[in-house]
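This report refers to the structure that appears directly beneath it.
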Number of protein chains: 2
Amino acid sequence: MAVDREQVLRSAAALLTRKSTATMDEVARAAGISRATLHRHFAGRDALVRALESLGIAECEAALEAARTDEGPAADAVRRLVRAMEPSTALLAFLYTENQLFEGDEQNEGWARIDAGLTELFRRGQESGEFRIDLTPAWLTEALYGLLASGAWAVAEGRVARNDFTHMIVELLLGGALRREEP
Amino acid sequence: MAVDREQVLRSAAALLTRKSTATMDEVARAAGISRATLHRHFAGRDALVRALESLGIAECEAALEAARTDEGPAADAVRRLVRAMEPSTALLAFLYTENQLFEGDEQNEGWARIDAGLTELFRRGQESGEFRIDLTPAWLTEALYGLLASGAWAVAEGRVARNDFTHMIVELLLGGALRREEP
DNA sequence: CCTGTGTGAGACAAAGGTGTCTCATGTGGG
DNA sequence: CCCACATGAGACACCTTTGTCTCACACAGG
């Protein structure tokens with residue numbers, strides 16, 4: 001029967017997130033297929049990583065779309081966004097640490113669009129007075145990526161409950177660790 | 001003249017942070033020495049990574065010590081800690097993403113001590129009422145690692161000014177992105 | 001029933017990285 | 001001045017991974 005391309009990418013992402021040096025053979029076995037079949041669907045390791053990148057970009061853009069980041073209070077938009085991104089975090093954590101993607105100094109333009117969307121959201125929050133202005137939108141964007149990766153990693157290692165994922169990330173990103181008098 | 005072992009480790013960390021798959025030859029050239037000499041000082045790639053791990057652990061423990069995390073308000077202790085860790089963040093960013101270190105499922109006990117120190121700091125902050133209690137100490141510890149790595153990455157890419165590093169991380173970790181009425 | 005398509009298993013050469021060795025060089029200390 | 005020692009350069013075999021190929025098999029559709 002025909003191989004489910006997306007399911008292969010899913011298992012590859014899960015494996016590569018844990019062990020970024022996994023061989024094509026390990027990736028194939030993790031997907032329950034043979035190395036030959038894996039090669040028939042993805043010309044090589046590069047093609048596989050590029051396909052994972054495309055999948056990650058597509059899911060990020062879908063999440064940005066679904067979260068309607070240009071509507072309502074920016075804080076609520078961030079909450080919707082993180083919730084929408086949650087299923088993709090394992091994949092994103094892998095891609096975030098795969099700095100090899102930028103070696104060709106020509107990073108996929110999809111990332112630029114996503115970065116722009118996130119930066120715009122934080123900028124909008126600053127303009128509306130919701131977010132503080134001493135933390136730049138670029139840093140908040142970077143921090144969101146980092147927290148998503150950390151969260152995915154912590155969940156995978158069992159240090160954080162999967163159910164708390166969105167809450168932990170959103171609350172830390174928006175509210176910080178300090179306790180406040182008024183909610 | 002004798003090779004400066006620490007300087008070799010520094011340049012190796014800087015290179016491997018950018019390109020974790022760099023070969024021994026690339027590491028050697030980045031350090032300005034030959035592959036043969038690199039091999040004389042570090043038996044192999046594993047030994048090199050282990051040495052980097054030991055260096056990272058030593059610097060983290062030194063930072064924990066220097067920051068006196070058990071003294072004064074926990075928030076101030078976090079500020080001192082991040083400031084003390086700043087010079088080590090490039091190395092830490094590499095080690096944080098080098099999940100291969102835990103393959104032998106026997107992670108260096110040094111990390112356990114550091115984790116314990118950080119967790120204890122956040123726990124103390126919760127107990128004193130400074131930190132909110134809905135974010136677990138384990139998650140705050142993980143988030144600190146993630147933000148340090150993100151920050152190091154953002155600085156290396158030029159997306160954040162190096163001078164703002166400590167401020168960006170501490171303020172986001174403690175205060176979050178939301179603007180507050182009272183300082 | 002037959003055929004075509006997709007798959008698994010294995011063989012194979014090529015490429016790249018690794019670890020070890022030798023030898024020449026250059027430098028600092030005695 | 002001379003010697004010991006550390007280094008650089010290169011050669012070498014070995015190993016792992018990769019990419020390709022072949023062949024047999026299973027299964028679904030005609």
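Reminder, nothing fancy here: chain letters follow the sequence lines and each chain counts from 1. Scope of the values below: all heavy atoms of this structure, side chains included, with no hydrogens, waters or symmetry mates.
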Measure [atom1]/[X] against [atom2]/[N] and give the value in whole Å, please.
X     : N      : atom1 : atom2 : answer
B/E26 : C/dG16 : CD    : C1'   : 12 Å
B/R45 : C/dG16 : CZ    : P     : 17 Å
B/D4  : D/dT7  : CG    : P     : 11 Å
B/M24 : C/dT20 : CE    : P     : 10 Å
B/D25 : D/dG10 : CG    : P     : 11 Å
A/H39 : C/dG8  : NE2   : P     : 14 Å
B/D46 : D/dT16 : CG    : P     : 14 Å
A/Q7  : C/dT7  : CD    : P     : 12 Å

Task: A/S150 side chain to B/E142 side chain, donor-acceptor N/O pair below 3.5 angstrom - done: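 No, no side-chain donor-acceptor pair sits under 3.5 Å.
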
- [ ] For A/R40 and for A/A22, find the nucleotide of DNA chain D with the closest heavy atom, then tell me which residue's nucleotide is more 5'.
- [x]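 Nearer the 5' end of the strand: A/A22.
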
Task: Carboxylate-amine/guanidinium contact B/D76 B/R80, below 4.0 Å - done: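 B/R80 and B/D76: not salt-bridged.
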
Open item on the list: Quick check for you: among C/dG8, D/dA9, C/dT18, whose closest atom lies nearest to any side-chain atom of A/S34?
Closed with: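 So the nucleotide nearest the side chain must be C/dG8.
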
Task: Selection from C/dG8, C/dG19, D/dG8 that lies nearest to any side-chain heavy atom of A/I33 - done: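 Of all the options, the side chain of A/I33 is nearest to C/dG8.
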
Task: Residue closer to the 5' end of DNA chain C, A/R35 versus B/T23 (nearest nucleotide) - done: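 Nearer the 5' end of the strand: A/R35.
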
TODO: Ignoring backbone atoms, test whether B/H41 places a side-chain nitrogen or oxygen under 4.0 Å from the OP1 or OP2 oxygen of D/dA6.
DONE: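 No, B/H41 has no side-chain N/O under 4.0 Å of OP1/OP2 on D/dA6.
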
- [ ] Give a yes/no on whether any side-chain N or O of A/T37 is located under 4.0 angstrom from OP1 or OP2 of C/dT7.
- [x]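 No.
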
Open item on the list: Given B/E26, which partner from the list B/K19, B/R18, B/R35 fulfils the salt bridge (Lys or Arg N to Asp or Glu O under 4.0 Å) test?
Closed with: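 Going through the options one by one, the only one that passes is B/K19.
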
Open item on the list: Distance check, rounded to the nearest 0.5 Å: A/E59 atom CD versus A/L64 atom CG?
Closed with: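 If I round to the nearest 0.5 Å, the distance is 12.5 Å.
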
- [ ] State whether the number of non-hydrogen atoms from other residues, nucleotides or ligands found under 6.0 Å of B/R113 atom CZ is greater than 12.
- [x]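 Enclosed.
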
